[in-house]
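Structure first, commentary second.
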Amino acid sequence: MDNKMPLIALMGNPNSGKTAIFNLLTGMHQKVSNYPGITVEQRRGNAQLSENCAVQIMDMPGTYSLTPESLDEKIVAQQTLKWLNGIDRPKAIISVVDAGNLSRNLYLTSQVMEFGIPVIIALNMMDRVKRKNQDIDAEKLQKILGVHSVIPMSAREKWGIDELQSALLNVINKANIEVSSHIQMEIPEEIERIITPISNFLNAKNNHDNYITNIQTLRIITRKSGIELYSESENLNAAEIKSLTILRDKVAHEIDELGLNHRILEATLRFEMLDNALMGNSIINQNEIKNQSRSERIDKILTHKWMGPLIFITLLYGIFQSIFTWATIPMQYIDSGVGYLGNYCVQLFSQGILRDLLVEGIISGVGAILIFLPQILILMFFMTILEDTGYMARVAFMMDKLMNKIGLHGKSVLPLMSGYACAIPGIMATRTIDSWKERLITIMVLPLMSCSARLPVYTLMIGAFIPNKPIFGFLNLQGLTMVFMYFLGTVTAMIIAAIISQFIEEKGKSSFVMEMPPYRMPLAISLFRQVYTRGKLFVINAGKIIMAISIVLWFLASFPKPESNGISFSIQNSYAGKIGHAIEPVIAPLGFDWKIGVGLITSFAAREVMVSTLATLYNVEDEGDDFVGITEALKNEVDPLTGMPRYTPLVALSIMVFYVYAAQCMATFAIVKNETNSWKWPLIMIAYMTGLAYFGSLLVYQGGQMLGLV
Ligand code: GDP
Ligand code: MG
């Protein structure tokens with residue numbers, strides 16, 4: 001794209017309609033990429049304002065303020081710090097404001113007005129304001145704030161966009177545009193005195209005007225992360241960072257001593273400024289007696305004391321069920337399609353290592369990637385609807401108290417629940433959680449929810465070794481064992497979440513109470529775009545890792561090849577088999593032998609591979625869902641030392657507990673790497689889950705033996 005075109009930045013709160021306006025301005029001329037090194041989308045596009053004037057528009061991530069709480073917000077804060085230093089400064093900023101939530105949205109606008117860049121307010125969602133029989137005095141608002149212009153519009157009903165374009169044209173064509181904000185925060189003298197050490201520090205670094213320096217000072221005081229942002233943008237050295245940190249902690253303490261709260265210092269001063277400017281100015285005009293708004297009427301039911309949770313659980317059940325049922329059909333197609341492709345290649349090429357690599361390594365790797373797509377797409381579809389309609393904010397509100405106790409967010413509930421179907425779409429769905437800490441904890445415990453890939457293992461073990469006998473007359477031991485496995489995973493997830501939350505540094509919660517966004521009909525086009533991008537991101541980014549791991553696993557299971565052609569190859573002699581033997585002493589205390597060991601290794605591809613590996617090791621056909629041959633083989637296996645059956649109910653229980661906890665899924669590993677953008681978190685996850693699995697099984701097997709169980 002042409003970089004000489006004037007750059008225009010689109011900024012605004014999440015869900016204020018930035019992307020809708022961006023799409024209207026740029027049409028199809030847009031390019032989506034990720035910000036360097038992180039999984040946040042960067043969207044740029046060209047807009048033709050007149051015959052001979054085109055601009056480049058940048059859709060920035062949604063943010064409530066320039067004090068970042070989430071990854072998206074951090075990107076915005078970083079970018080704007082660059083602007084302050086004259087790097088990549090846009091020619092103008094379109095501040096998108098949800099007209100239905102004026103005061104909350106103007107918070108960010110007032111921050112944006114402080115860069116000395118012309119600001120055009122796109123007063124979006126006016127259709128909804130009008131429907132409530134209200135009107136907003138745009139001219140008055142423009143005068144009070146001192147922005148370039150305020151353009152009432154509706155991206156949904158597609159009006160006001162021409163006016164927005166001509167306002168842009170006006171900014172671009174004027175040579176010396178005067179930028180003057182009419183509002184400024186009043187920083188009380190006492191506070192100004194306290195913060196002087198920091199503002200002196202900043203002044204020594206660069207000479208912004210006093211007001212800008214004070215604002216940056218406030219932001220450094222508000223959050224520790226403010227120091228990080230500032231030092232990145234100013235290239236501070238370690239010594240400077242250290243002395244700034246010491247100053248900051250001291251000043252923050254002094255502010256708190258005053259009886260103020262340093263974490264909401266800027267918010268307090270800024271809201272005071274906005275209140276003073278807007279109050280008594282009748283900017284919002286009510287034309288008729290105010291009716292109860294539609295959103296308020298819907299909320300009466302959806303957030304009702306007991307109907308609310310009931311409706312939520314019903315919805316959850318529906319979504320959860322549809323991931324299970326709707327996804328199975330396309331998953332079967334993908335499965336048989338991949339199988340067909342493999343068979344086709346087997347016929348096409350002559351026998352050899354390359355063919356094996358292609359069929360058993362690469363094609364089955366592709367299968368392992370594609371098989372998750374139906375579940376991801378279905379869950380993302382529902383999540384986007386819940387998010388865009390505004391319902392998710394209500395769910396967060398209802399569940400928040402409960403989830404907060406264990407360090408999670410109200411929005412963690414749905415991703416966690418979908419973990420019962422599959423962890424992958426659940427982990428992708430955590431993107432709706434704004435706080436990084438809460439999102440990370442949700443990701444870290446999500447694989448403990450018993451996913452559907454564990455079912456074949458549970459079914460095999462329970463069917464073979466847990467007696468089918470009634471308990472208390474109406475329950476059944478087999479069913480109860482199954483329920484127990486789900487229960488064990490869920491409860492452990494809750495406990496681990498509570499533990500992890502003690503260790504991760506709080507990067508700050510929202511400092512002011514969030515208003516509920518009004519209910520809206522989601523736009524089909526933005527819905528499908530989101531679902532499509534998520535699917536694409538998964539296939540491309542996570543796909544690479546999954547592919548690499550499946551080739552390694554293929555190699556371990558099919559090499560070394562026997563020297564002479566007379567001996568037929570079997571997994572026993574492979575590297576996987578050797579590793580199985582090698583780890584036998586380690587897993588013997590859990591009641592596992594080397595064959596289970598091989599299964600543990602191969603099931604890193606996916607948990608259900610355990611069953612087919614055992615079938616291969618026992619030379620029985622893996623005949624689908626009833627496991628007859630393999631069940632018999634397991635029951636008949638005898639311990640060569642004692643002559644007793646090798647597998648007992650206790651061993652089966654130990655295996656199942658291992659599968660509840662163990663991190664045996666390369667796709668989960670890949671997606672966690674992808675979503676946290678680091679190797680650290682997936683590695684920590686594997687470490688803690690393997691630890692849990694080992695000690696869980698150890699406890700079951702050794703404890704069981706001590707109690708005389710078999
Ligand atoms: P972003 O998060 O700021 O990029 O917001 P989006 O452009 O994704 O819009 C969020 C939601 O608001 C979508 O469901 C849009 O369809 C809806 N929306 C956007 N503009 C308007 C508008 O002017 N009026 C109404 N009623 N809805 C809108
Ligand atoms: Mg957007």
Original post:
Going by atom types only, do D98 and S16 share a side-chain donor-acceptor pair under 3.5 Å?
Top reply: no
**OP:** List the atom of M11, the atom of M60, and the distance in Å for their closest heavy-atom pair.
**Re:** CG-CG, 4.0 Å
Original post:
How about H253: does its NE2 atom have over 12 heavy atoms from other parts shown lying under 6.0 Å from it?
Top reply: no
Original post:
Is any side-chain heavy atom of L265 less than 4.5 Å from a side-chain heavy atom of N261?
Top reply: no
Subject >> Inter-residue atom distance K174.NZ - K91.NZ, 0.5 Å rounding >> reply: 13.5 Å
Original post:
Salt bridge between K74 and E69, side-chain N to carboxylate O under 4.0 Å?
Top reply: no
**OP:** Please confirm whether the backbone N or O of T389 pairs with a side-chain atom of R520, one donor and one acceptor, at under 3.5 Å?
**Re:** no
Subject >> Side-chain donor/acceptor of R44 to backbone N/O of M58, under 3.5 Å >> reply: no
Original post:
For the side chain to side chain contact (heavy atoms under 4.5 Å, CB included) test, which of N235, T213, L236 pairs with K205?
Top reply: L236
Original post:
How about Y230 and L244: do any of their side-chain heavy atoms sit closer than 4.5 Å?
Top reply: yes
**OP:** Any chance you could measure I194, atom CD1, to H262, atom NE2, to the nearest 0.5 Å?
**Re:** 13.0 Å
Original post:
Under the 3.5 angstrom rule, does the side chain of R89 hit a backbone N or O of F115 as a donor-acceptor pair?
Top reply: yes
Original post:
Quick one: do the R43 and T19 side chains pair a donor with an acceptor below 3.5 Å?
Top reply: no
**OP:** Flag the pair F271 / Y107 as yes when their ring centroid distance falls below 6.0 Å, and as no otherwise.
**Re:** yes
Original post:
Are T676 and P682 close enough that some pair of their side-chain heavy atoms sits under 4.5 Å apart?
Top reply: yes
**OP:** Would you mind checking if R431 and E675 are paired as a salt bridge, meaning a charged N to carboxylate O distance below 4.0 Å?
**Re:** yes
Original post:
Could you go step by step and tell me if E186 and R270 meet the salt bridge (Lys or Arg N to Asp or Glu O under 4.0 Å) rule?
Top reply: CA-CA 8 Å; E186 276 170 39; R270 197 171 283 281; over 6 Å; no
Original post:
What's the shortest heavy-atom distance between T26 and G45, and which atoms?
Top reply: CG2-C, 3.7 Å
Subject >> Atom CG of L258: over 12 foreign heavy atoms under 6.0 Å >> reply: yes
**OP:** Assess the side chains of N170 and H148: does a donor N or O sit below 3.5 Å from an acceptor N or O?
**Re:** yes
Original post:
Quick check: are there more than 12 heavy atoms from other residues, nucleotides or ligands sitting under 6.0 Å from OH of Y211?
Top reply: yes
Original post:
If you round to the nearest 0.5 Å, how far is CG of L414 from CD of E387?
Top reply: 10.5 Å
Subject >> Polar side-chain atom of N101 near backbone of R104 as donor-acceptor pair, under 3.5 Å >> reply: no
Subject >> Check: N85/E234 side-chain N/O donor and acceptor closer than 3.5 Å >> reply: yes
Subject >> Side chains of Q111 and E266, donor plus acceptor under 3.5 Å >> reply: yes
Subject >> Ion pair check, K143 and E139, cut-off under 4.0 Å >> reply: yes
**OP:** Look at the aromatic rings of F669 and W679 and report parallel, tilted or perpendicular, splitting at 30° and 60°.
**Re:** tilted
**OP:** Taking atom CD of E232 as the centre, report whether more than 12 heavy atoms of other residues, nucleotides or ligands fall under 6.0 Å from it.
**Re:** yes
**OP:** Check whether more than 12 heavy atoms from other residues, nucleotides or ligands sit under 6.0 Å from atom CD of Q48, and answer yes or no.
**Re:** yes
Subject >> Reported CG-to-CD1 distance for the pair L7 and I117, which is rounded to 0.5 angstrom >> reply: 9.0 Å
Subject >> R219 side chain near L66 side chain, heavy-atom distance below 4.5 Å >> reply: yes
**OP:** Determine yes or no for a side-chain-to-main-chain donor-acceptor pair under 3.5 angstrom, with E73 supplying the side chain and Y64 the backbone.
**Re:** yes
Original post:
Does the cation-pi check pass for R394 over Y519, that is, NZ or CZ under 6.0 Å from the six-membered ring centre and within 45° of its axis?
Top reply: yes
Original post:
Of all heavy-atom pairs between A99 and I136, which one has the smallest distance, and what is that distance?
Top reply: O-CD1, 3.5 Å
Original post:
When rounded to the nearest 0.5 angstrom, what distance separates CD1 in I195 from OG1 in T217?
Top reply: 5.0 Å
**OP:** Determine, step by step, whether K250 and E254 satisfy the salt bridge (Lys or Arg N to Asp or Glu O under 4.0 Å) criterion, reporting the C-alpha distance in whole Å, the side-chain angles of both residues, the deciding distance to 0.1 Å, and the verdict.
**Re:** CA-CA 6 Å; K250 184 166 163 286; E254 281 176 40; 3.3 Å; yes
Subject >> Pairwise salt bridge (Lys or Arg N to Asp or Glu O under 4.0 Å) hits with a residue in residues 193-202, at least two apart >> reply: none
Subject >> Nearest non-hydrogen partners of N124 and A155, listed with the distance >> reply: OD1-N, 2.9 Å
Original post:
Closest heavy-atom contact between H208 and N203?
Top reply: O-OD1, 4.1 Å
Original post:
At their closest point, which heavy atom of S412 faces which heavy atom of I433, and how far apart are they?
Top reply: OG-CD1, 3.8 Å
Original post:
How long is the gap from CD1 on I406 to OG on S501, to the nearest 0.5 Å?
Top reply: 8.5 Å
